Visitor: 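I have a structure I would like to understand better, so I am pasting it below and will then ask my questions one at a time.
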Amino acid sequence: MARPSHPAQARHAMTGSAKPPKRALGWRYSLRTQLVALSLAPLVVAFPLILGVIIAIGVASFDRVLASNALAKAEGVRMYLDHLKAHSLDVIRQHARSERLTRLLARQPEPLAVEDELTTTLAALARENQFDFLIIASQNGTIIATSTGTAAGARLPDTFVTRQAREGVATVEYEILDASRLAALSPALATRSRIERRDGSGGIETRGLLIDFAVHFPLSTRYPDAILFGGILLNHNFGLIDYVRDIVFPVNPQIGSVAGSTTIFIDDTRIATNVTLPDGRRAIGTRASADVARDVLKEGKIWTRRAPVLDTWQIAGYEPLRDGDGRSIGMIYAGFPETPYVREKWILLGSVAALLAVSMLALSTLNLRTARRLTDRLANLSRAMTAVCCGDRSIRVVDPEDDEVGQLAAHFDELVLKLAARERALRDSEARAVAEASRRRLLFEQMRDGVVVLDDAGSIVETNARFAAMLGYSVEDILRLNVADWDTRYQGKDLHELVRDIPPGGRLFQTVQRRKDGSIFDAEVSVTRIEWNGRSYLFCIERDITERLRLANELEQHRNRLQQLVEARTRDLAAALDEARAANRAKSDFLANMSHEIRTPMNGILGMADVLLDSPLSGEQREHLTVVKNCGETLLRIINDILDFSKIEAGRITVENIPFDPRKTIASIAASLQPQARARSLYLETGFDPALPPAVRGDPLRFGQVVTNLIGNAIKFTETGGVRVYLAQRGQTGEDGTIAHFEVTVTDTGIGIPPEKIEPIFEAFTQSDTSITRRFGGTGLGLTISRKLAACLGGTIHVESTVGKGSTFRFTFPAETVNAKTPLLAAPESDDAAPAAPLEILVVEDNTVNQRLMAALLKKSGHHATLAGSGTDALALLEAKTFDLIFMDVQMPGLDGIETTHRIRARESGTGRRVPIVAITAHALSGDRERCLAAGMDDYLAKPVRRNALFAVIARFADRSAANACLAEPADDALSG
Amino acid sequence: MTRLSCFFAIPTLFLVLIAGGCGHPEPLKIGFIGGLSDRNSDVGQSGLNGVMLAVEQFNRNGGINGRLVEVIARDDAQRRDVAEKSANALVESGVEAVIGPFTSDMAEVVAPITGKAGLFEISPTITSMAFYGKDDHFFRINRTTRDNAQDYARIMTGRGERRIAVAYDLRNRNFTESWLDEFRTAVTAANATLAAAVPYESSADAPFDRIIETMLAPEPDSLFFIAGALDVARFAEAARKHAPSLPIGAAEWAATEQLIELGGEFIDGLLIVQNYDRDDPSPRYRDFAEAYLKRFQRPPGYSAVSAYDAATVVLTALNQRNRGETVKEAVLRAGPYTGLQQQIVFDKNGDTRRQVYFRVIRAGNYVPID
């Protein structure tokens with residue numbers, strides 16, 4: 001089968017290039033080749049590589065171990081000999097200090113006997129310490145005694161150590177002595193040293209290698225300067241060399257033995273050794289190899305590697321021996337045969353190599369088998385893929401393994417299954433699409449509304465039979481029409497605008513359309529823009545709405561009529577409401593005016609009654625007059641209540657906001673009501689929260705009115721016990737805590753109020769019981785006014801009551817707290833102000849009753865009053881005379897009080913004089929006071945003018961007038977004083 | 001094929017590196033120079049022993065990061081020509097530092113050679129003022145002759161000696177003359193005088209008797225020797241012969257085992273200073289003394305102790321040396337060092353102070369003075 005077997009080839013096949021890819025033949029492009037190469041790599045590449053490294057490292061390290069072992073052995077020999085040297089020196093050092101020797105030496109030069117004893121002693125010491133000789137010689141080198149029997153008096157042969165000792169330096173060294181010097185020490189030594197060379201030269205080594213040592217005897221007067229000299233001959237010293245061998249190559253029954261040997265050389269000639277010749281004799285006189293002699297003797301190096309010893313290869317350690325002058329004079333050797341170690345080395349390496357080779361072979365075989373299976377399975381997969389490409393959907397790979405290739409095969413099978421299913425689904429969905437299209441066509445055709453699809457030029461693309469019927473065309477004819485043919489509104493350009501302006505959600509509009517017969521009708525069109533295949537279409541649903549429009553018209557007419565009817569009725573109602581409001585206002589105005597009008601004569605009645613009561617009267621007259629006055633006051637209270645109520649109702653009340661101390665206000669009210677309470681045998685107590693601020697900002701007048709009402713009410717409805725008033729602060733609000741809530745509690749022990757009657761008592765003209773009115777009197781407006789005033793202050797009034805036990809009224813109100821420095825409104829003057837000095841007072845008042853009342857009151861208080869009936873009169877009087885004080889009625893015909901005051905002040909300007917002017921007005925309304933003060937007046941009295949209030953004002957201005965007089969006329973004052 | 005080559009080349013290279021890395025690093029060389037032959041060889045010999053012991057112990061503990069230390073020892077034979085040859089040989093052998101020499105005369109020859117090569121050198125024993133207060137490569141473990149001479153003068157005048165006759169060895173004149181100058185200054189300051197100052201050249205057949213006679217001519221009340229141990233022994237012998245009752249003393253140079261060994265009965269009562277406490281009971285010194293005895297079959301002398309300390313300084317500094325730092329810089333930075341018996345603190349010139357111990361010889365032993 002001709003198919004591309006590789007991606008590169010496949011690409012090549014697709015592009016159709018004639019030039020084959022260069023790399024297509026490379027080994028990397030065949031998976032099978034690559035896997036075979038990788039499988040064989042351990043055997044072919046890794047094995048020789050690893051083996052080479054093991055041999056290189058193993059052999060080197062094995063040789064190093066052997067070399068260091070040989071070094072250790074050679075070092076052992078040297079250490080032993082060093083120890084022997086040091087020990088020997090130490091021994092003769094001790095002998096040189098010993099009493100035994102120094103005593104014998106001190107007896108020198110006594111004759112023979114002593115000499116013999118010294119010789120004997122030296123011989124014994126030499127034997128004892130295994131020295132070959134021991135000699136005492138004098139400082140100048142003459143032998144005194146020897147252990148070997150050499151005659152005394154002979155010259156001591158010159159050696160390094162004897163030279164040192166004669167200087168005083170104890171020394172031990174290796175030293176070579178020639179035959180003559182040896183003979184001088186002892187003939188036996190020369191004989192023992194003699195060695196035949198076995199190098200074929202037939203030569204004889206006559207020199208001897210010694211460890212020799214010498215010390216100087218401590219200086220003393222008892223014996224001569226002398227040295228002690230000894231030595232050990234190493235030539236033929238088999239005892240020593242075998243002992244050294246036993247130390248460095250020990251034999252142990254458990255571990256076995258290492259065959260090793262040790263040797264001492266003079267130069268390169270063996271003079272003491274346990275190396276044997278083939279015939280079993282010691283290899284004395286044989287020589288070391290030339291390499292060894294060169295390295296060790298000439299260059300002074302230490303030799304630690306294999307070396308030929310006689311006929312065998314040994315692992316050898318050689319070290320040089322030096323004499324006292326540092327010359328290399330011989331060598332020491334320790335070594336062991338190489339053969340067993342070499343054998344062991346190769347057995348070990350061979351085993352490792354064989355094991356490695358077997359492992360690698362097994363590994364490669366296993367790899368090859370695995371690779372073969374893998375490529376077979378991949379080929380199987382590849383065949384299946386080709387079949388699927390050719391359209392076969394029944395083929396399956398079915399790989400039993402669960403590895404990656406197995407999973408790939410499983411995925412492939414799954415993929416083929418899915419492919420087949422997808423193809424089936426596609427066929428099914430095609431069939432469904434055909435059915436759906438037929439169904440939609442049917443719906444389109446059967447629709448009750450006309451449906452038409454237009455292109456952007458307005459030509460019909462598709463329509464249904466209903467649309468054709470609406471326009472009176474056949475279905476075939478209508479397909480040739482353009483929208484302009486039936487729509488009277490959309491022609492050419494308009495249509496383009498319509499298309500452009502259609503929002504995404506479509507558009508609904510009305511239009512007029514023309515039928516084939518020329519008749520027209522109203523149509524409702526729902527149009528939607530459709531984008532399909534890159535072109536715009538209009539999808540229109542059309543409905544004939546002629547009948548619907550007719551019905552809508554009728555409905556509109558009915559609605560309009562109804563609308564007109566409702567508007568007419570609303571106007572009537574508004575007029576009626578205005579009328580009612582005006583009537584109500586008129587009622588309140590009437591009440592207010594009435595009250596005002598009544599107050600003026602009441603002023604006269606009460607004032608005159610007061611004047612009369614102060615005059616001498618009979619008991620009966622006084623009693624009757626008191627009744628008149630009480631009735632008048634009751635009437636005035638009723639009128640005041642009505643006035644207040646009507647003002648509140650008329651919305652004419654204003655609230656001040658000035659600093660005042662509520663404690664003083666309450667105290668003052670309580671003081672004024674105290675007589676009333678006493679008259680009824682009731683107590684009236686006041687109490688204050690200690691935490692109260694020094695002052696608050698608010699309307700003291702309204703506050704006082706509420707409190708007066710509550711206390712007055714309580715007194716009125718209490719028969720036994722009394723009334724308790726308490727003022728407390730209840731907490732703070734506001735941004736900086738300056739707004740506090742205060743509570744005035746008025747508690748009585750009166751008749752109480754049933755719960756269902758509590759709310760009604762606050763309603764106008766109501767008391768809890770109609771019988772009450774009869775029993776207690778009053779307008780019943782007090783609490784109503786109080787609650788409304790409280791509301792004006794932003795506060796409330798609540799009642800808690802138990803019938804027969806009493807009631808508690810709680811008046812709570814908010815107010816801004818003020819620190820003590822703010823000036824407070826002057827507290828009301830006390831009733832019993834002292835009568836002042838006589839003043840000249842001008843009373844400006846148009847009402848004659850009031851004129852007479854004022855005159856009477858002023859006269860009674862000892863002042864002189866001049867009356868003026870109008871502002872003009874007053875100005876005229878002021879031209880002629882100087883007054884201490886002016887009472888000015890505000891409301892006068894012609895020049896009123898305000899204007900008159902203006903003129904008086906205008907005249908005064910520049911004179912330095914300023915007569916006090918006090919306003920008197922029935923306008924007991926807030927705002928009057930400010931108006932009067934602004935006009936230049938100094939104070940203010942409300943009508944009806946009460947005697948005490950009048951006197952208080954006079955007293956105040958009398959003081960000021962006196963002060964002014966003092967300032968103005970100091971000389972007179974001084975004279976009168 | 002490149003990738004295949006890499007595949008095998010990298011592990012091969014790795015293995016070769018492992019194999020190559022198994023070799024031992026070259027040992028680090030330290031030079032030693034001192035008198036190993038001739039009359040005063042005991043100072044040099046026991047100094048070498050001290051250095052060897054320190055190096056062996058250091059190597060046994062792993063050396064400098066596994067690199068072992070090798071001592072290259074050279075003899076100066078107390079001769080200027082030999083010393084010059086040996087110093088040059090040490091410089092050529094590539095040593096990192098030199099310990100030695102042990103006498104001031106030798107230092108006069110050796111220090112310029114090593115200094116020129118930039119080699120750090122430290123002397124265990126030198127006291128001469130000639131090397132004091134110089135910013136060079138030459139450091140000293142010992143105190144100065146000035147310190148010693150002043151202490152001697154204080155002790156001796158304190159014992160009532162007012163006319164002191166001195167003999168001094170011209171073979172080590174750098175030391176002996178420096179010592180003599182300082183001693184003269186100190187003695188004069190203490191209202192005493194030097195009755196005589198007799199120079200001589202040390203040798204086996206030096207005329208010790210005649211020198212003593214010269215010293216005795218101005219009728220001194222004590223004799224003092226600035227000389228090596230063997231000479232002091234001979235001087236003592238002669239002094240006992242000619243003036244048995246005069247007190248004798250010797251400079252610290254002679255304070256060795258050799259003095260005891262040769263001096264015998266003649267040096268009984270000799271005043272001498274040791275720059276170490278031979279009876280030190282501290283564990284560190286006991287361990288050292290025991291190891292020394294085992295290793296060399298004899299107790300350590302003052303030069304062994306000083307040389308061991310010098311080796312400790314050099315080895316510690318080498319072990320702590322930073323990359324790019326000279327040995328001198330390392331020695332100055334790595335201090336102070338814990339010596340066998342005292343702390344070793346160098347000033348910037350490489351001078352140090354050292355405590356000394358005055359001793360009198362009694363029956364062949366150094367014993368503390370009363």
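Order of the sequence lines sets the chain letters (A, B, ...), proteins ahead of strands, with each chain counted from 1. In this text, all values refer to a predicted model and were calculated from it rather than measured experimentally.
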Visitor: Would the number of heavy atoms belonging to other residues, nucleotides or ligands and lying under 6.0 Å from CD of B/E213 be above 12?
Guide: yes
Visitor: Supply the atom-to-atom distance A/M79 CE to B/R295 CZ, rounded to the nearest 0.5 angstrom.
Guide: 5.5 Å
Visitor: Are any side-chain N or O atoms of B/E265 and backbone N or O atoms of A/T221, one a donor and one an acceptor, separated by less than 3.5 Å?
Guide: yes
Visitor: Taking all non-hydrogen atoms of both residues into account, name the closest pair between B/G264 and A/P218 and its distance.
Guide: CA-CB, 3.8 Å
Visitor: Around atom CD of B/E290, are there more than 12 heavy atoms of other residues, nucleotides or ligands at under 6.0 Å?
Guide: no
Visitor: By side chain to side chain contact (heavy atoms under 4.5 Å, CB included), which residues pair with A/S88, not counting sequence neighbours?
Guide: A/L84, A/F131, A/F213, A/I232
Visitor: Return the minimal non-hydrogen interatomic distance between B/E237 and A/L219, and the atom names on each side.
Guide: OE1-CD1, 3.5 Å
Visitor: Could you check if a side-chain atom of A/R97 sits within less than 4.5 angstrom of a side-chain atom of B/I260, using non-hydrogen atoms only?
Guide: yes
Visitor: Does A/R222, at its CZ atom, have more than 12 non-hydrogen atoms belonging to other residues, nucleotides or ligands within less than 6.0 Å?
Guide: yes
Visitor: Holding to side chain to side chain contact (heavy atoms under 4.5 Å, CB included), I want the full list of residues that pass it with A/A170, two or more places apart in sequence or in another chain.
Guide: A/L89, A/R93, A/V215, B/E261
Visitor: Are any of the side-chain heavy atoms of A/D225 and B/R234 separated by less than 4.5 Å?
Guide: yes
